[in-house]
Amino acid sequence: MDAPSAGYIFEYLIETLNDSSHKKFFNVPKLGGTKYDVLPYSIRVLLEAAVRNCDGFLMKKEDVMNILDWKTKQSNVEVPFFPARVLLQDFTGIPAMVDFAAMREAVKTLGGDPKNVHPACPTDLTVDHSLQIDFSKCAIQNAPNPGGGDVQRAARLSPLKAQPRKLPCRGQTACRGSCTSGEGRGPGRAPSQIENTPALCPFHLQPVPEPETVLKNQEVEFGRNRERLQFFKWSSKVFKNVAVIPPGTGTAHQVNLEYLLRVVCEENGVLFPDSVVGTDSHVTMVNGLGILGWGVGGIETEAVMLGLPVSLTLPEVVGCELTGSSNPFVTSIDVVLGVTKHLRQVGVAGKFVEFFGSGVSQLSIVDRTTIANMCPEYGATLSFFPVDNVTLKHLEHTGFDKAKLESVETYLKAVKLFRDDQNDSGEPEYSQVIQINLNSIVPSVSGPKRPQDRVAVTDMKNDFRACLNEKVGFRGFQIAAEKQDDAVSLHYEGRDYQLSHGSVVIAAVTSCTNNCNPSVMLAAGLLAKKAVEAGLRVKPYIRTSLSPGSGMVTHYLSSSGVLPYLSRLGFEIVGYGCSTCVGNTAPLSEAVLNAIKQGDLVTCGVLSGNKNFEGRLCDCVRANYLASPPLVVAYAIAGTVNIDFQTEPLGTDPAGKNIYLHDIWPSREEVHQIEEEHVILSMFKALKEKIEMGNKRWSCLEAPDSVLFPWDLKSTYIRCPSFFDKLTKEPAALQPIENAHVLLHLGDCVTTDHISPAGSIARSSAAAKYLTNRGLTPREFNSYGARRGNDAVMTRGTFANVKLFNKFIGKPAPKTIHFPSGQTLDVFEAAELYQKEGIPLIILAGKKYGSGNSRDWAAKGPYLLGVKAVLAESYEKIHKDHLIGMGVAPLQFLPGQSTGSLGLSGRETFSLAFPEELSPGVTLNIKTSTGKVFSVIASFENDVEVTLYKHGGLLNFVARKFS
């Protein structure tokens with residue numbers, strides 16, 4: 001019997017919006033009455049989605065009632081959630097789109113129409129994880145690794161020589177206006193303009209070209225990733241509901257915030273709250289605008305794209321009451337780090353956080369989104385700011401259609417999703433309430449090794465000295481007291497310098513966390529302006545960079561006149577995408593590296609990102625601090641973190657006068673004035689126009705428009721996966737697993753990092769052998785992340801982690817035993833032999849199998865290796881769901897039992913049969929080749945999971961629906 005259409009069960013709640021639009025909506029408050037009124041706003045969004053999508057199968061009435069009874073059911077029940085849309089970045093997006101392309105092939109093979117295969121919900125894919133900083137202000141490194149695509153073109157790029165800089169507008173900006181002031185009159189060079197990253201001469205507001213570094217980095221990016229980009233462009237042409245945001249536009253979370261957001265969605269004349277899940281931890285940023293969203297794994301997003309819900313435990317919601325107002329010298333980053341530290345101390349892991357109180361209205365949208373963006377760092381699933389008047393004002397300033405804005409306000413008030421300080425109905429009831437007084441927050445940084453270790457700027461010098469003394473650990477470096485004042489001479493570009501403990505060698509204003517916040521970016525620019533005017537400079541050996549979140553940031557930095565001053569200090573725009581904060585910075589110079597090694601120095605990186613774990617920026621830079629953009633610039637000028645800004649000068653002016661930080665720190669009034677003048681409607685409007693128009697390289701990129709993707713059999717990046725090779729029109733009866741060998745015998749806490757391919761491709765690995773056989777050199781291997789669209793590479797990289805401890809081997813190594821021959825082989829090579837011999841495989845494991853981050857290939861890889869079942873003592877739930885989604889049976893020992901208690905060596909063969917009517921939690925009997933018989937639990941939790949498993953997994957289930 002077919003399930004009723006979504007929303008059918010609660011059709012009686014549909015009403016017409018009381019405004020000129022006459023749109024329909026589900027009046028959910030009528031369902032719950034007073035129960036609804038005390039629900040946290042974030043839970044109300046979950047409830048609305050449940051009511052609207054209730055079909056009696058994927059979303060049951062019981063699920064709706066559980067959400068409505070949140071107060072008593074929180075943390076105790078699983079509920080499905082259908083988000084309004086999906087956001088992908090390119091690394092995790094490519095396997096999803098490759099699966100859809102392969103599904104079209106499978107549907108055609110089964111006699112269906114491949115044109116019917118499309119994602120079930122709107123999907124935006126942002127190409128933002130491909131950028132690497134091959135070119136910066138310093139001398140360029142050796143020819144960049146082309147990786148794939150147009151190798152010759154990428155390799156021919158010549159190094160960009162550092163050029164002396166002068167203040168604008170004196171010719172070097174290529175402004176076409178009448179720039180006649182000062183030296184160097186006349187136009188400069190005018191390379192091609194990147195259309196989606198507008199820049200203006202600050203004196204004439206004339207368009208000027210992008211900095212040469214951006215052009216060159218983007219040229220390399222397009223060359224290195226040509227195959228993947230062509231595939232993405234094909235996807236955007238043939239799939240409905242798929243939009244691709246091309247390289248050079250900005251990071252996924254930034255574009256999501258500035259361009260993709262809806263706040264309120266409309267489908268078939270029905271309004272509902274915007275919500276999103278995505279494959280990026282920064283998706284949470286949109287919660288600052290009242291849009292429910294969080295990051296999930298690749299299989300969860302793919303499931304949503306295929307029409308299935310995300311499953312989550314009905315969460316606890318911590319109410320965070322903000323009171324007071326922040327100090328004028330405190331930036332939003334200080335507020336973020338203060339809130340982060342407080343929430344970490346309270347403990348909000350796995351919970352929703354929802355903000356309320358008088359202090360909320362004093363925070364701008366950019367402040368809120370910055371706080372929401374950091375929630376992964378304090379462990380919360382998301383941090384939600386309900387829509388209020390501040391939100392509406394922001395939307396108005398950013399170009400939201402007036403009629404739509406009125407409908408948004410009317411709708412949100414009708415369903416009680418609009419927060420109003422003047423409302424006498426009171427605040428929702430929360431699982432727990434904590435209070436944070438904004439007055440208590442002081443300027444700070446975080447480090448030197450973890451984002452949660454907050455240090456007041458006034459205590460920075462003493463704290464750093466203390467870290468030198470402490471034993472090696474989360475904070476300490478254990479430098480002997482007699483060596484803490486050591487200095488090493490450095491000869492660089494014809495001049496002599498001194499490096500010591502605390503010397504800054506990397507200073508990066510990066511593309512995540514705060515570039516959406518004009519106040520902090522403008523503060524950095526104004527500080528740079530005052531510093532340059534005072535005669536201060538940044539030492540040339542410091543690796544400085546500016547990687548904005550989008551072209552809009554470039555626009556307001558340019559139009560406000562501060563960008564040239566940032567450039568003068570070395571903070572040139574290097575591109576738009578994840579860079580320094582994910583380790584994509586260019587290497588330090590040999591002279592600096594040698595000096596660091598010679599003195600065994602604890603040098604520092606300072607960045608305005610949200611992750612600073614030891615070695616993340618560069619393996620030779622041991623201390624890394626997160627700071628607001630103006631403080632990044634300040635520490636770069638100082639050249640060290642071993643400084644007390646209150647008593648020690650940053651440097652001297654040409655007359656020899658000491659210049660202190662307070663001399664050049666911009667006031668809050670200055671920043672707000674510039675913000676009002678330059679962060680205006682036209683900028684957001686221009687950005688949207690540029691995104692929609694695309695850039696020249698993307699527009700000129702050739703891509704097929706055929707219904708089926710023309711797979712290139714020689715490609716090592718994009719390959720049709722074998723998930724559908726044995727797909728039949730109807731699912732066959734469940735087959736027994738007979739005489740299965742054990743591929744791996746694992747212990748407790750095997751994480752998805754142990755299972756899933758990640759990082760660089762080792763030269764001795766099975767994946768390396770595959771690539772070598774196809775004519776690639778080790779320099780061209782690239783990473784597993786870049787090759788996620790090739791299942792042959794990813795399957796060979798499964799269980800290839802050198803830290804994997806297989807009990808058959810007795811030591812950490814990505815090896816196992818092929819028992820029929822007795823050979824010790826790479827895991828892939830053994831699995832390949834088993835498959836040729838027609839022998840099914842299982843995995844034995846201990847407790848918490850599959851813990852850690854959600855990774856799609858941690859389930860896809862074992863499936864393609866021929867693993868039919870995993871038998872473990874317990875599972876990480878998300879990974880267990882993924883195994884089911886790939887058609888791998890999750891079997892669980894009975895409580896108290898294990899391989900040890902049952903006397904299993906793993907060298908036996910195992911057989912079991914499934915009942916004709918498989919049901920959730922059924923007990924099965926396993927018989928080994930030694931004659932031992934024992935019972936296990938088939939760890940299916942509901943009928944949906946059983947249905948997916950019977951079909952051989954989620955992909956097969958959906959492919960059959962299209963056929």
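All residue numbers refer to positions in the sequence shown, counting from 1.
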Where [X] and [Y] come nearest, the two heavy atoms and their spacing:
X	Y	answer
A767	I761	CB-CG2, 3.9 Å
V107	A959	CG2-O, 3.7 Å
P273	V45	CB-CG1, 4.2 Å
L708	P114	CD2-CB, 3.9 Å
I755	A858	CG2-O, 3.4 Å
L844	F910	CD1-CZ, 4.2 Å

Inset, instruction - Output yes when K108 and D113 qualify as a salt bridge under the 4.0 Å nitrogen-oxygen rule, no when they do not. - result: no
Which one of [options] satisfies the side-chain contact (heavy atoms from CB on, under 4.5 Å) criterion with [X]?
X	options	value
M886	I299, L954, L948	I299
F232	L88, L125, L701	L125
M103	V117, V98, L727	V117

Taking side chain as C-beta onward, heavy atoms only, is [X] less than 4.5 Å from [Y]?
X	Y	result
L804	L746	yes
T772	F781	yes
L382	L292	yes
M305	F239	no
C121	N241	no
Y849	K880	no
F82	L308	no

Looking at [X], I want to see if its [atom1] is surrounded by more than 12 non-hydrogen atoms of other residues, nucleotides or ligands under 6.0 Å.
X	atom1	value
K726	NZ	no
K927	NZ	no
K237	NZ	yes
K769	NZ	yes
K868	NZ	no
K950	NZ	yes

Legend entry - Verdict with supporting geometry, D712 and R226, salt bridge (Lys or Arg N to Asp or Glu O under 4.0 Å): CA-CA 13 Å; D712 180 359; R226 179 171 298 276; over 6 Å; no
Inset, instruction - Could you tell me whether R52 sits above the aromatic face of F26, with NZ or CZ closer than 6.0 angstrom to the six-membered ring centre and within 45 degrees of the axis? - result: no
Inset, instruction - Compute both the distance and the angle, then confirm whether K860 meets the cation-pi test with W857: under 6.0 Å from the six-membered ring centre, within 45 degrees of the axis. - result: yes
Legend entry - Name of the residue among E829, E837, E832 meeting side-chain hydrogen bond (donor to acceptor under 3.5 Å, both in side chains) with H818: E837
[X] and [Y]: side-chain donor and acceptor closer than 3.5 Å?
X	Y	result
S935	N925	yes
S715	E227	yes
H882	E300	yes
R787	T716	yes
E78	T313	yes
N782	Y717	yes

Legend entry - Residue pair Y875, V870: steps toward the side-chain contact (heavy atoms from CB on, under 4.5 Å) verdict: CA-CA 10 Å; Y875 293 88; V870 177; 3.7 Å; yes
Inset, instruction - Give the ring-plane orientation class for W294 versus F81, where under 30° counts as parallel, over 60° as perpendicular and anything between as tilted. - result: parallel
Inset, instruction - Classify the angle between the aromatic ring planes of F914 and Y949 as parallel (below 30°), tilted (30 to 60°) or perpendicular (above 60°). - result: tilted
Inset, instruction - Begin with the C-alpha distance, continue with both residues' side-chain angles, and end with the deciding distance and a verdict on ring-ring contact (aromatic ring centres under 6.0 Å, His included) for H741 and Y834. - result: CA-CA 8 Å; H741 272 287; Y834 280 124; 5.4 Å; yes
Legend entry - side-chain contact (heavy atoms from CB on, under 4.5 Å) assessment of K877 paired with S311: CA-CA 10 Å; K877 185 187 183 305; S311 179; 4.1 Å; yes
Inset, instruction - Could you go through the side-chain contact (heavy atoms from CB on, under 4.5 Å) check for V304 and V310 one step at a time? - result: CA-CA 7 Å; V304 174; V310 172; 3.4 Å; yes
Inset, instruction - Assess whether salt bridge (Lys or Arg N to Asp or Glu O under 4.0 Å) is satisfied between K60 and D55, documenting all intermediate values. - result: CA-CA 6 Å; K60 299 180 179 179; D55 61 359; over 6 Å; no
Inset, instruction - Would you give the length of the straight line joining atom CG of L312 to atom CG of L46, rounded to the nearest 0.5 angstrom? - result: 6.0 Å
Legend entry - Check: K848 side chain, E876 main-chain N or O, donor-acceptor pair, under 3.5 Å: no
Inset, instruction - Could you walk me through whether V64 and N66 pass the side-chain contact (heavy atoms from CB on, under 4.5 Å) test, one step at a time? - result: CA-CA 5 Å; V64 174; N66 282 337; over 6 Å; no
Inset, instruction - Step by step, work out the side-chain hydrogen bond (donor to acceptor under 3.5 Å, both in side chains) result for R788 and T92. - result: CA-CA 8 Å; R788 286 186 184 183; T92 50; 4.9 Å; no
